[in-house]
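Heavy atoms only: backbone and side chains are in, while hydrogens, waters and symmetry mates are out.
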Amino acid sequence: GQQEAYSAMDYDSIPDEYKKICVGREKDKPTLLPHVKHRVTFRILNLIYNPWPMKNKFDIILCRNVLYYFSEDIKKTLINRFYDILNPGGYLIISVSDSHALDKSKFVKISNGIFQKVAK
């Protein structure tokens with residue numbers, strides 16, 4: 001299901017400029033404002049499952065502190081799947097410690113932990 005509200009710790013980490021435009025209060029708890037909430041879906045995804053259930057491509061994938069737990073073969077498979085499901089120009093953001101896994105991938109390194117699928 002969708003996350004209904006943020007914990008106090010999560011809320012405190014949100015920059016003030018985003019709080020002003022994206023976060024409101026519901027039952028005295030911080031929550032996404034309706035114009036943002038309808039664009040966000042929280043779901044559990046088993047990365048090993050094939051095929052993935054998503055039908056559309058993404059502009060950004062945030063996968064921090066995840067690749068570390070997989071073998072090199074599975075990392076390579078996941079990186080290729082991330083590439084395939086991103087729109088051209090899309091970004092993959094991973095942990096800096098996992099960046100070496102993308103050394104021989106199709107992604108272009110933008111910065112530490114930030115990679116881009118170059119538009120063809």
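- Of the possible donor and acceptor atoms, one in the side chain of K57 sits under 3.5 Å from a partner among the backbone N and O of D84.
- Note that CG of L62 is 4.5 Å distant from CD1 of I60, once rounded to the nearest 0.5 Å.
- F82 and Y49 fall into different hydrophobic clusters, defined by Ile, Leu, Val, Met, Phe, Trp and Tyr side-chain heavy atoms under 4.5 Å apart, directly or through other members.
- Looking only at side-chain heavy atoms (C-beta outward), L86 and L92 come within less than 4.5 Å of each other.
- Separation of atoms CD1 (I79) and CG (D103) is listed at 9.0 Å; rounding is to 0.5 Å.
- Y83 pairs in a ring-ring contact (aromatic ring centres under 6.0 Å, His included) with only one of the listed residues (F58, F115, F107, Y91), which is F107.
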R64/I93 under side-chain contact (heavy atoms from CB on, under 4.5 Å): CA gap, chis, key distance, verdict: CA-CA 7 Å; R64 306 236 350 171; I93 300 176; 4.1 Å; yes
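- Residues I94 and I114 form no side-chain contact, since every pair of their non-hydrogen atoms from C-beta on lies 4.5 Å or further apart.
- The CG atom of N65 sits 6.5 Å away from atom OG of S97, with the distance rounded to the nearest 0.5 Å.
- R81 places a side-chain heavy atom less than 4.5 Å from the side chain of N50.
- You'll find the side chain of F70 stays beyond 4.5 Å of the side chain of T77, heavy atoms only.
- Criterion: ILVMFWY side-chain heavy atoms under 4.5 Å apart, direct or through other members. Under it, I74 and Y69 are not part of a common hydrophobic cluster.
- The shortest non-hydrogen separation linking G113 to S99 is N-OG, 3.3 Å.
- Contact record, K117 with N87: CD-O, 3.8 Å, taken as the closest heavy-atom pair.
- Side chain of Q116 to main chain of G89: a donor-acceptor pair is present (N/O by atom type, distance under 3.5 Å, no hydrogens or angles).
- Cluster membership for Y68 and L47, using ILVMFWY side-chain heavy atoms within less than 4.5 angstrom, is not shared.
- Counting side-chain heavy-atom gaps under 4.5 Å among Ile, Leu, Val, Met, Phe, Trp and Tyr, V96 is found in no cluster with other residues.
- Tracing side-chain contacts under 4.5 Å through hydrophobic residues (I, L, V, M, F, W, Y), one reaches M54 starting from L78; they form part of the same cluster.
- Between the NZ atom in K75 and the OG atom in S105 there is a gap of 13.0 Å [rounded to 0.5 Å].
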